[in-house]
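In what follows, a structure is listed as structure tokens, so that the remarks can point back to it.
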Amino acid sequence: MKEEIFIGVAWPYANGSLHLGHIAGCYLPADIFARFCRMNNKNVLMVSGSDEHGTPITITAEKEKTTPKNIVDRYHQEHIENMEQFGISFDLFTRTTTENHKEVVQEIFKTLHKKNYIYRKSVEAYFCKNCNRFLPDRYIEGTCQNCYHENARGDQCDECGNIHDPQDLVEVKCKICGNSPEIRTSDHLFLALSKFEKKLKKWIEDKKYWKSSVFKFTKNWLNQGLHDRAITRDMTWGIDVPIKGFEDKRIYVWFDAVIGYLAASKEWSNNSDDSDKWIKWWKNNKSKHYYFLAKDNIPFHTLIWPSILMGYDDSLNLPYDVPANEYLKIKGEQFSKSKGFGVWVPEVLKKFDADSIRYYLSINMPENKDSNWSWNDFIIKNNDELVGTYGNFIHRVFTFSYKNFGKIPKRYNLDDLDKITLDKINKTSIELKKSLNKCNFKKGLRIAMNLAQHGNYYFDQKQPWNLIKSDEERCSTSLNICLSIVNALAVFMSPYLPFSSQKIWEMLGNTTNISDLNWDESISTLNVNYTLEKPKTLFDKLSIEEGMIEEDLFSNVDLRVAKVIDVKDHPDADKLLILQIDLGELGKRVIVAGIKKFYTKEEILGKNIIIVTNLKPAKIRGVQSNGMLLAASDSTGLVSLLNPDNSNPGSRIFIDGIKHNPDYILEFEKFKEIKMKVNEKQQIVYKNKILKSEKGPVFCDKNVKKGAIVS
RNA sequence: AGCGGGGUGGGGUAGCCAGGAGAUCCCGACGGGCCCAUAACCCGUAGAUCAGUGGUUCGAAUCCACUCCCCGCUACCA
């Protein structure tokens with residue numbers, strides 16, 4: 001009897017392209033798990049789809065002067081393509097605008113209403129007459145009563161952090177059109193989450209096997225008491241509320257989207273030969289439900305969705321595990337659609353193999369803490385690990401076998417190392433299964449890579465290039481064992497690297513689809529005597545330039561050597577000095593610097609320092625500063641200038657390997673993102689590389705503590 | 001602000017919940033080997049007061065308390 005596994009993956013919002021954060025956060029881990037389960041006697045049903053309702057989509061549509069339908073059609077199509085190109089093996093990837101979805105959502109809505117889990121309540125909200133719509137919090141801004149900051153959001157002021165209700169703001173503006181909205185009352189339907197508290201508490205009791213972050217976070221929410229939440233909105237783009245008197249409202253997206261898991265399962269059944277098939281997964285106490293999502297989505301899946309399920313029909317399966325990931329970031333910043341900051345899936349797929357990306361995202365997955373996407377690290381890991389260790393092992397084995405035997409060679413007598421190696425294959429299989437069963441994907445990949453490394457070791461120890469001349473039987477045996485490793489690796493890696501695994505599988509003389517096969521059976525079959533084709537390499541090495549889709553932030557800054565030719569006190573400030581500096585070919589200019597506490601005028605006069613020349617000019621206490629000097633300040637508060645030795649004024653300060661392509665005007669915010677630190681040799685380090693002038697490395701002028709920050 | 005997560009050799013990480021010999025693995029550095037392979041591979045060496053302070057204990061990276069720093073959620077982007 002096969003065990004039923006349901007895998008639900010968070011629904012991507014159809015308001016923009018996917019970025020690598022989405023893939024690393026949930027689609028890739030879900031897919032690895034699904035592929036692994038299918039190969040290990042599990043009946044997997046994996047579904048998701050585009051989340052296509054809600055205000056942001058209508059706003060995008062207005063901006064582009066088109067319909068919401070057009071927007072979601074475009075991104076849904078793109079999502080489908082991207083999922084397929086990445087090899088995310090959904091059984092169904094649907095959307096929330098299908099007729100089926102609407103029916104299921106409305107049915108659940110009506111049932112919950114009938115059972116009194118949904119009730120009516122009147123609320124006050126801003127209404128923009130000009131836009132003719134109620135404004136969600138994120139589309140309101142006004143003046144904060146606390147600090148008088150003008151662009152406070154509806155829910156909180158970014159400036160002072162004060163939390164408030166939108167009604168507390170003064171001079172409220174609609175973020176869309178700029179007009180002043182008015183307060184109107186509106187009736188909404190609320191989901192009585194508070195009624196599920198007891199049941200949820202009981203349900204959560206035995207979930208100690210969840211990731212500690214997921215478990216603690218959920219428990220904490222529960223202990224603070226659940227608040228009922230509005231599940232309707234005043235808008236037109238969404239699912240109709242199936243209750244009288246709410247004809248002009250729509251069901252709120254978060255209620256709508258999670259129900260997609262059940263709706264999609266039903267849709268998948270309807271497409272199959274048996275429309276009741278979904279019941280095998282949903283009303284079966286042996287079936288396990290896994291939900292893959294990122295950390296911001298945890299309460300929706302561990303509290304709200306279970307509540308909906310319990311309230312609707314308590315024979316339905318609740319989540320078994322929610323292995324939520326943290327975030328994949330880039331340069332320590334969160335990927336963000338709104339800021340347009342991230343690595344976009346459609347672009348990345350044009351340039352790189354899906355398996356290359358899958359490898360890096362897997363080995364660098366944000367399983368327990370945020371991780372970073374780095375182009376440099378991506379290239380290093382691709383070249384050294386995927387190509388060097390893994391690809392090269394497979395290639396050298398195939399090439400040697402092809403050249404010297406032309407077919408898969410036979411196995412004769414085994415020596416100790418042969419036996420150890422064969423045993424290593426089995427041990428790897430057992431360990432890998434253990435890790436993958438627990439959703440430890442990073443560890444699993446390390447385990448598999450470890451076998452590839454052992455393969456290389458074995459190959460070196462055996463020296464088949466010598467054996468072929470002295471002892472053909474032993475050579476044949478060694479290669480047979482190497483190919484057994486290759487065979488096993490193809491199986492072990494297939495959840496992670498499905499495309500290349502399939503290629504290896506075919507190179508070994510199989511015509512089947514590796515992901516349809518049984519794990520244990522496949523690792524032990526080798527087609528001895530199969531005539532080998534001329535081997536081709538599986539992965540390509542990448543060069544740094546190829547990785548540089550996105551420029552390094554450092555490229556944007558123009559650093560130059562400057563000679564201080566005059567120093568004055570700032571008339572209205574006791575910490576500031578006004579420096580006149582000579583920038584050689586760039587001429588002379590005035591800057592303001594806050595270093596009076598650390599350097600006397602005499603000390604600084606005539607010194608060579610380093611200046612950011614393209615920083616947006618700023619008035620500092622009434623004096624315009626046309627640039628900023630670089631200094632290092634350590635944890636003790638000591639500040640040191642940077643010393644470019646006796647380089648010529650105007651000459652560039654640079655870092656090897658980073659292009660010089662400065663912005664015309666560099667925003668201060670952007671400059672702040674460039675994080676430079678002082679190392680133990682008093683050099684300035686940015687991303688592991690040191691800052692140089694034409695005379696060599698730049699040093700601190702005074703001795704500061706290691707780790708001092710340069711700004 | 002409240003809550004949660006994290007701070008481990010130059011970079012990135014495992015271990016922590018169930019405390020005990022040399023603190024894991026990958027990259028990088030250095031030295032050696034090999035030449036079948038995509039200048040790939042294999043072996044060895046150096047490098048960490050496990051953020052800080054105090055405590056519990058025969059013994060703490062691991063447990064407790066406090067402090068500092070980073071991140072997230074709360075608050076419609078995975």
Side-chain angles (χ1 to χ4, degrees), chain A residues 9-13 15-16 18-27 51 54-56 136-139 153-156 161-163 208 211-214 216-221 223-224 233 252-254 257 292-299 324-329 332-339 342 363-364 366 368-372 374 376-377 380-381 383-385 387-389 391-401 403-404 440 442-443 446-447 449-450 453 455-468 479 535 537-541 635 679-680 685 687-688:
Chain A
V9 197
W11 294 52
Y13 200 51
N15 191 32
L18 293 168
H19 52 65
L20 289 179
H22 294 111
I23 304 294
C26 56
Y27 303 106
D51 177 5
T55 311
D137 288 353
R138 65 187 285 191
Y139 293 114
R153 287 180 291 158
D155 45 4
Q156 182 182 18
N162 189 39
I163 299 173
K208 302 225 167 68
K211 278 191 189 183
S212 77
S213 59
V214 178
K216 281 184 187 161
F217 187 75
T218 304
K219 225 175 157 179
N220 215 280
W221 254 60
N223 289 341
Q224 285 176 4
R233 287 293 129 118
Y252 187 32
V253 274
W254 67 252
F292 287 84
L293 38 109
K295 60 179 161 184
D296 57 331
N297 232 329
I298 292 170
N325 269 347
E326 308 282 311
Y327 290 122
L328 177 74
K329 306 209 281 189
E333 280 270 347
Q334 205 168 325
F335 280 39
S336 160
K337 272 184 199 172
S338 46
K339 288 187 215 152
I363 205 76
N364 194 27
N368 295 314
K369 53 182 153 190
D370 296 344
S371 64
N372 273 290
S374 141
N376 199 36
D377 194 41
I380 287 171
K381 290 220 158 63
N383 290 359
D384 290 353
E385 299 181 22
V387 178
T389 304
N392 185 242
F393 171 66
I394 289 161
H395 191 242
R396 75 200 288 212
V397 169
F398 270 122
T399 306
F400 193 91
S401 303
K403 281 188 186 162
N404 294 286
N440 290 335
K442 266 166 124 167
K443 192 176 174 192
R446 287 263 170 240
I447 290 166
M449 285 300 282
N450 197 264
Q453 202 184 347
N456 278 317
Y457 168 78
Y458 175 85
F459 198 97
D460 272 35
Q461 289 296 305
K462 288 290 174 180
Q463 306 186 352
W465 58 91
N466 288 332
L467 281 181
I468 191 70
L479 264 298
T537 54
L538 290 166
F539 312 102
D540 294 321
K541 281 205 163 193
S635 51
N679 70 8
E680 65 282 352
V685 179
K687 289 194 183 164
N688 243 349

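Every chain is numbered from 1 and lettered A, B, ... according to where its sequence line falls, protein lines coming before strand lines.
In this structure, Asp460(A) atom CG and C42(B) atom P are separated by 7 Å, rounded to whole Å. Here the C1' atom of nucleotide U38(B) and the CD1 atom of Ile394(A) are 13 Å apart, to the nearest Å. One atom, CG of Asn456(A), and another, P of A40(B), lie 13 Å apart when rounded to the nearest Å. A straight line from OH of Tyr327(A) to C1' of G4(B) spans 12 Å, rounded to a whole angstrom. Rounded to an integer number of Å, the gap from Asn297(A) CG to C77(B) P is 10 Å. Taking atom NZ of residue Lys381(A) and atom P of nucleotide C26(B), one finds them 12 Å apart after rounding to whole Å. Note: CD1 (Ile447(A)) to C1' (C26(B)) measures 14 Å, nearest angstrom. Note: CD1 (Ile298(A)) to C1' (C71(B)) measures 14 Å, nearest angstrom.
Nearest to the side-chain atoms of Gln461(A) among the listed nucleotides A37(B), C42(B), U38(B) stands C42(B). Relative to the side chain of Asn392(A), the nucleotides A40(B), C43(B), U38(B) differ in distance, and A40(B) lies closest. Among the nucleotides C42(B), C41(B), C27(B), the one closest to any side-chain atom of Arg396(A) is C41(B). For Glu385(A), taking side-chain heavy atoms from C-beta onward, the closest of the listed nucleotides C27(B), A37(B), G72(B) is C27(B). Closest contact between the side chain of His22(A) and the listed nucleotides C27(B), C77(B), G5(B) involves C77(B). The side chain of Asn466(A) lies closest to C35(B) when the candidates are C41(B), C73(B), C35(B). For Trp465(A), the side-chain atoms get nearest to C36(B) when compared with the rest of C43(B), C36(B), U38(B). For Lys442(A), counting side-chain heavy atoms from C-beta on, the closest listed nucleotide (C36(B), G5(B), A14(B)) is A14(B). Ranking C41(B), U38(B), C36(B) by closeness to the Lys403(A) side chain, first place goes to C36(B). When distances are taken from the side chain of Val253(A) to each of C76(B), C26(B), A40(B), the shortest belongs to C76(B).
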task = Take His19(A) and Leu328(A), measure what side-chain contact (heavy atoms from CB on, under 4.5 Å) needs, and give me the verdict at the end.
result = CA-CA 10 Å; His19(A) 52 65; Leu328(A) 177 74; over 6 Å; no
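In this structure, the side chains of Asn325(A) and Lys211(A) come closer than 4.5 Å at one or more pairs of heavy atoms.
Shortest non-hydrogen contact noted between Gly54(A) and Val253(A) is N-CG1, 3.6 Å. Looking at every heavy atom in both residues, Pro56(A) comes nearest to Tyr13(A) through CD-OH, 3.4 Å. For the pair Tyr27(A) and His22(A), the tightest heavy-atom approach, listed with the atom from each and the gap, is CD1-O, 3.1 Å. Asn297(A) and Ala10(A) get closest at one heavy-atom pair: ND2-CB, 3.9 Å. The shortest non-hydrogen separation linking Pro464(A) to Leu479(A) is CB-CD2, 3.6 Å.
Nearer the 5' end of RNA chain B, as judged by each residue's closest nucleotide, is the contact made by Arg446(A), out of Arg446(A) and Gly391(A). Both Phe400(A) and Asn383(A) lie close to RNA chain B; mapped to their nearest nucleotides by heavy-atom distance, the more 5′-ward contact belongs to Phe400(A).
Distance check on atom P: C64(B) versus A18(B) gives 9 Å, rounded to whole Å. For U13(B) and C26(B), the C1' atoms lie 8 Å apart once the distance is rounded to whole Å. Here, A14(B) and A61(B) have their C1' atoms 12 Å apart, quoted to the whole Å. Using atom P as the reference point in both U24(B) and A39(B), the two lie 32 Å apart (nearest Å). Rounded to the nearest Å, the gap between the P atom of G9(B) and that of G72(B) is 23 Å. Atom C1' of G11(B) sits at a distance of 8 Å from the matching atom of G28(B), rounded to the whole Å. Comparing U45(B) with A23(B), their P atoms sit 14 Å apart, to the nearest whole Å. Atom name C1', nucleotides C50(B) and G6(B): the rounded distance is 14 Å, in whole Å.
Of all nucleotides present, only G33(B) satisfies the Watson-Crick or G-U wobble test against C41(B), with each distance under 3.5 Å. Using N1 to N3 plus N6-O4 or O6-N4 for Watson-Crick, or N1-O2 and O6-N3 for G-U wobble, each under 3.5 Å, G47(B) pairs with nothing. Nucleotide A1(B) has U74(B) as its partner under the Watson-Crick or G-U criteria, with both atom distances under 3.5 Å. With a cut-off of 3.5 Å on both Watson-Crick or G-U wobble distances, the partner of G19(B) is given as none. Of all nucleotides present, none satisfies the Watson-Crick or G-U wobble test against G28(B) with each distance under 3.5 Å.
Within the nucleic acid shown, Phe292(A) has no heavy atom closer than 4.0 Å to any nucleic acid atom. Base engagement by Phe539(A) is indicated by at least one non-hydrogen atom pair under 4.0 Å involving a base atom. Using a 4.0 Å heavy-atom criterion, one finds that Gly388(A) contacts the sugar-phosphate atoms exclusively.
Between Phe400(A) and Phe459(A), the ring-plane angle classifies as perpendicular under the 30° and 60° cut-offs.
At C35(B), none of the side-chain N or O atoms of Gln463(A) fall inside 4.0 Å of OP1 or OP2 (strictly under the cut-off).
Judged by distance alone with a 3.5 Å cut-off, a donor-acceptor contact links the side chain of Tyr252(A) to the base of C76(B).
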